[in-house]
Amino acid sequence: MTSSQRHRATLDTALETIRTRSHWSPYPEHPKAYGDGTAGAAAFAALRERGRFEAPGQPGTDDWVGAEVSPYGFPLGISYPHPDPDVLLPAMLAAVPAWRDAGPEERALTCLEILDRISARTPEFAQAVMHTTGQAYVMALQAGGPHAQDRGLEAIAHAYQEQTRTPERAPWAKDQGRRGTLRLTNDFTPVPVGISLLIGCNTFPTWNGLPGFFASLATGNPVLVKPHPRAVLPLALTVRIARETLAEAGFDPNLVALAAERDGEGSAKTLALRPEVALIDYTGSTAFGDWLEENAVQARVFTEKAGVNTVVIDSTDDYRGLLANLAFSLSLYSGQMCTTPQNLLIPAAGITTENDGHRTYDEVVADLAAAVDRLLGDDTRAAGLLGAIVNQGVLDRLESAASLGEVALPSRTVKHPEHPEATIRTPLLVKRTEPVDAEYFGPIAFAVATASSTESLAVLRRTIRTHGAMTVSGYTTSPDVERALVGVCLDERAQLSLNLTGDVFVNQTAAFADLHGSGGNPAANAALVDAAFVTPRFRTVQVRRPG
C-alpha cells in the first residue's frame with residue numbers, strides 16, 4: 001500500500017468515525033508501543049546540546065530568542081528564530097495559490113502525512129511536552145502525543161467533509177419551453193480566508209494547538225505558530241516537521257512558520273491585529289481571550305478561556321467509586337487542566353448512598369480528603385500522577401486559596417525521585433458555605449455546602465451563565481434531579497458527565513467521541529472538534545460558464 005493509499009484509508013475511517021462518534025485511533029497510546037523512551041530522551045538531549053532550533057528556509061529571521069525552563073528544574077537552553085512579520089507574512093501569502101489549487105483531498109492527505117511523521121516522533125514530543133508543561137512523562141506522551149494527534153486528525157476529517165459537501169462541478173439546466181433550455185456549468189472551489197495565527201498555551205501546547213493548526217492548513221490557509229514563551233519546543237517541532245513535509249510534497253514550506261517572541265515582547269497582540277491575519281486560535285486566560293475577541297475584529301477568533309467547573313453531588317449508588325473518581329480528577333496533572341473540577345456542591349444535610357448509608361456534608365468532605373491521601377500517599381506514584389507545577393502563578397493561587405475557608409485537606413510538597421528540583425504539590429481542598437466565583441487554576445477545590453440539591457442546581461446555572469464551564473459533573477440516583485441537571489446544562493450549553501465512578505474521568509475527553517467545550521457559554525466560543533470549528537476557515541467561490 002502506497003503512502004497516499006494508506007492515508008486515504010485513514011481519512012475514510014476518520015470520516016466514518018466523526019459520523020458514528022465511536023472510539024478509534026490510528027495512533028497507539030500505550031507507552032510500550034514507542035519502546036523504552038531512550039530514543040526520545042536522546043533526541044531531546046540533542047536539541048538541547050545543539051542550542052539553536054533552526055527553521056531552514058524560513059524568511060525574515062532577525063534574532064534568536066528563547067528562555068524555557070523545565071518545571072523539573074533546569075533550563076532547556078534552546079533558542080528559536082524571531083521573525084520580522086513584514087518579511088515573513090508576505091512570503092506566507094505567496095505560498096497560498098498552489099496550496100489552494102491542490103484541492104481538499106490533496107491537502108488532507110498531505111496533512112495526514114505531517115501527522116504520521118509527528119506520530120513517529122512521539123517519544124521526542126513527550127520529552128518536549130514534559131519539560132515545558134510539567135506534565136508527568138506518561139501523560140506528556142499520551143496527551144501531548146497520540147491524543148493530540150487524534151484531535152488533529154479529527155479536525156482534518158471535518159475540514160475535508162465540509163469542503164467537499166458542495167460538489168466540485170455541477171451542471172445546471174432550466175427548461176424554458178419553446179425558448180429552449182438554459183444550461184450552465186458551475187465550478188465550486190473552497191478557498192482560504194487568510195493567514196491563521198495559532199497562539200499556543202503553556203499547559204497543553206499540542207493537544208490544544210493541533211486542532212486549529214490542521215483545521216486551518218487543511219482548508220488552505222497558511223499557519224503562523226506563536227508559541228507560549230514557556231512552551232515553545234513542542235510547537236517548534238510541529239512547525240519543522242510540517243515545513244519538511246510540505247517541501248517534499250512540492251509545496252512552499254512557508255505555508256507554516258514559527259514566530260517565537262522575546263521575553264516580555266507580547267507579540268501575540270501585534271500579530272493578532274495584522275490585516276493579513278484572518279483566523280486566530282487561542283487557549284489561555286479570559287482576559288486576553290476577551291481582548292482578542294474585542295480587538296482583532298478583522299479575524300475570526302476561536303477561543304478557549306477559563307471557566308468554573310462544577311460538580312453537583314446529590315446521591316450515588318457507588319460511593320467509593322465516586323470518591324476514587326473525584327480524587328483522581330482533582331489530582332491529575334495537579335489540576336492544571338481547563339477541565340478539572342473546582343466547585344463541589346454538596347447539600348449541607350448530606351447525601352444518600354446505596355451501600356454506605358447517609359453521609360453528612362462533613363463526612364463526604366473528610367472521605368474525599370482521605371481518598372486523595374490514599375491515592376497520593378506514595379511520593380513516587382504521586383509524582384507520576386501530579387507532574388510539576390507549571391508556573392509561579394499556580395503556587396500563588398494555591399497559597400491564597402487556603403485563606404478562603406476551612407482547610408479540609410492541606411496541600412503538601414512531593415519530592416520527585418528523578419528530578420529533585422521539581423515543584424510538586426498535592427491538591428488543596430477547602431470547605432465553604434458559598435461558591436467561589438472565579439477560576440482557581442491548579443490543584444485547588446472547594447467543597448461548598450448548599451441548602452439542597454435544588455440550590456446546587458441554581459448555583460450551577462448562575463455559575464455557567466456568568467463564568468462558563470468546560471465541564472460539569474453530576475452524581476445522582478434521582479430521575480428528577482438528573483432531569484433537572486440535564487436541563488440546566490442544555491439551557492446553558494455546557495458539557496455534562498453523569499455518575500462517573502470508574503476509569504472515565506470528567507477532565508479527560510476522547511477525540512471523535514467527545515466534544516471539548518461547547519462554544520455556547522463564556523468558557524469557550526468554539527468546540528473541539530465540530531463543523532463550526534472548520535467552516536469559517538474557508539469560503540466557496542462559484543464560477544459559472546455556459547454549458
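We're numbering straight along the sequence, starting at 1.
By the 6.0 Å and 45° rule, Arg240 stacks over the aromatic ring of Phe53. A cation-pi arrangement is present between Arg300 and Phe302 under the rule of less than 6.0 angstrom and at most 45 degrees off the ring axis.
Side-chain N or O atoms of Arg432 include one that pairs as donor or acceptor with a backbone N or O of Leu404 at under 3.5 Å. In this structure, the side chain of Glu455 engages the main chain of Ala451 through a donor-acceptor pair within 3.5 Å. With hydrogens and angles ignored, the 3.5 Å screen pairs a side-chain donor or acceptor of Tyr34 with a backbone N or O of Pro28. The main-chain N or O of Glu293 is never found under 3.5 Å from a side-chain atom of Asp290 such that the two would form a donor-acceptor pair. Between the side chain of Tyr361 and the main chain of Ala447, a donor-acceptor pair closer than 3.5 Å is present. Formation of a donor-acceptor pair under 3.5 Å by the Ser411 side chain with backbone atoms of Thr426 is found in this model. Formation of a donor-acceptor pair under 3.5 Å by the Asp150 side chain with backbone atoms of Ala511 is not found in this model. A side-chain donor-acceptor contact under 3.5 Å links Ser400 to the backbone of Arg397. A donor-acceptor pair under 3.5 Å links the side-chain atoms of Arg151 to the main chain of Leu528, judged by distance alone. Judged by distance alone, with hydrogens and angles left aside, the side-chain atoms of Gln149 form a donor-acceptor pair with the main-chain N or O of Gly145 at under 3.5 Å.
By the 30° and 60° cut-offs, the orientation of the rings of His416 relative to Tyr72 is perpendicular.
Using a 4.5 Å heavy-atom threshold, the side chains of Val459 and Val312 count as separate. Taking the side chain as every heavy atom from C-beta outward, Pro443 and Leu398 approach each other to under 4.5 Å. Looking at Leu409 and Asp373, their side chains come closer than 4.5 Å, going by heavy atoms from C-beta outward. The closest side-chain heavy-atom distance from Phe213 to Ser196 is not below 4.5 Å. Residues Ile18 and Glu154 meet the side-chain proximity criterion, which asks for heavy atoms closer than 4.5 Å. Between Leu498 and Leu485 the shortest side-chain heavy-atom distance falls below 4.5 Å. At least one side-chain heavy atom of Leu326 sits less than 4.5 Å from a side-chain heavy atom of Ile313. Side-chain contact between Asn343 and Asn309 is absent, with no heavy-atom pair separated by less than 4.5 Å.
Here the straight-line distance linking atom CG of Asn507 with atom CZ of Phe328 works out to 7.5 Å at 0.5 Å rounding. Separating the OH atom in Tyr440 from the CG atom in Leu428 is a distance of 11.0 Å, to the nearest 0.5 Å. A distance of 9.0 Å separates OG1 in Thr476 from CG in Leu457, rounded to the nearest 0.5 Å. Expressed to the nearest 0.5 Å, how far CG of Asp367 lies from CZ of Arg374 amounts to 8.0 Å. Atoms CG and OG, from Leu385 and Ser331 in turn, are 5.5 Å apart once rounded to the nearest 0.5 Å. The line from OG1 of Thr450 to CD1 of Ile346 is 8.5 Å long, rounded to the nearest 0.5 Å.
Under the 3.5 Å distance criterion, with hydrogens and angles disregarded, a donor-acceptor pair is assigned to the side chains of Tyr80 and Glu68. A donor-acceptor pair shorter than 3.5 Å cannot be found between the side chains of Thr203 and Thr133. Side-chain contact check for Ser70 and Glu421: no donor-acceptor pair (N or O, by modelled atom type) lies under 3.5 Å. Inspection of the Thr477 and Glu354 side chains reveals no N or O donor paired with an N or O acceptor under 3.5 Å. Under the 3.5 Å distance criterion, with hydrogens and angles disregarded, no donor-acceptor pair is assigned to the side chains of Thr501 and Asn325. Donor-acceptor pairing under 3.5 Å is lacking for the side chains of Arg461 and Thr310. Between the side chains of Asn202 and Arg230, a donor-acceptor pair is found at a separation under 3.5 Å. Checked by atom type, the side-chain pair Asp318/Thr316 shows no donor-acceptor distance below 3.5 Å. Under the 3.5 Å distance criterion, with hydrogens and angles disregarded, a donor-acceptor pair is assigned to the side chains of Asp314 and Ser453.
For Glu265, the CD atom is densely surrounded, since the number of other residues' heavy atoms within 6.0 Å is greater than 12. Atom CZ of Arg21 has more than 12 heavy atoms from other residues, nucleotides or ligands within 6.0 Å. Annotation for Arg381: atom CZ does not count as buried by contact number, only 12 or fewer foreign heavy atoms lying within 6.0 Å. Atom CD of Glu434 has 12 or fewer heavy atoms from other residues, nucleotides or ligands within 6.0 Å.
The shortest heavy-atom contact between Asn521 and Arg493 is ND2-O, 2.9 Å. When all heavy atoms of Thr303 and Val301 are compared, the closest pair comes out as CG2-CG1, 3.5 Å. Nearest heavy-atom pair, Ala215 versus Val534, reported as atom, atom and distance to 0.1 Å: CB-CG1, 3.8 Å. Contact between Leu330 and Pro341 at its shortest, heavy atoms only, is CD2-O, 3.6 Å. For Lys305 against Gly289, the heavy-atom pair with the smallest separation is CD-CA, 3.8 Å. Summarising the geometry of Ala469 relative to Ala523, their closest heavy-atom pair is N-CB, 3.5 Å, with the distance given to 0.1 Å.
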Go through the steps for Val486 and Cys489 under the test side chain to side chain contact (heavy atoms under 4.5 Å, CB included), then give the verdict. CA-CA 5 Å; Val486 170; Cys489 290; 5.9 Å; no
Between Thr38 and Asp36, is the side-chain hydrogen bond (donor to acceptor under 3.5 Å, both in side chains) condition met? List the steps. CA-CA 6 Å; Thr38 55; Asp36 60 6; 2.7 Å; yes
Between Lys415 and Ile424, is the side chain to side chain contact (heavy atoms under 4.5 Å, CB included) condition met? List the steps. CA-CA 7 Å; Lys415 289 295 183 184; Ile424 305 176; over 6 Å; no
Run the side-chain hydrogen bond (donor to acceptor under 3.5 Å, both in side chains) test on Thr413 and Arg425 for me, step by step, so that the C-alpha distance in whole Å, both residues' side-chain angles and the decisive distance to 0.1 Å come before the verdict. CA-CA 5 Å; Thr413 298; Arg425 299 286 188 274; 3.3 Å; yes
Would Phe204 and Tyr333 satisfy ring-ring contact (aromatic ring centres under 6.0 Å, His included), going step by step from the backbone distance to the final call? CA-CA 11 Å; Phe204 288 89; Tyr333 185 31; 5.5 Å; yes
Candidate pair Glu492 and Arg462, rule side chain to side chain contact (heavy atoms under 4.5 Å, CB included), full reasoning: CA-CA 9 Å; Glu492 306 304 329; Arg462 289 196 304 270; over 6 Å; no
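With sequence neighbours excluded, no residue forms a side chain to side chain donor-acceptor pair (under 3.5 Å) with His158.
For the pairing with His147, the side-chain hydrogen bond (donor to acceptor under 3.5 Å, both in side chains) check across Gln142, Gln508, Glu29 returns one residue only, Glu29.
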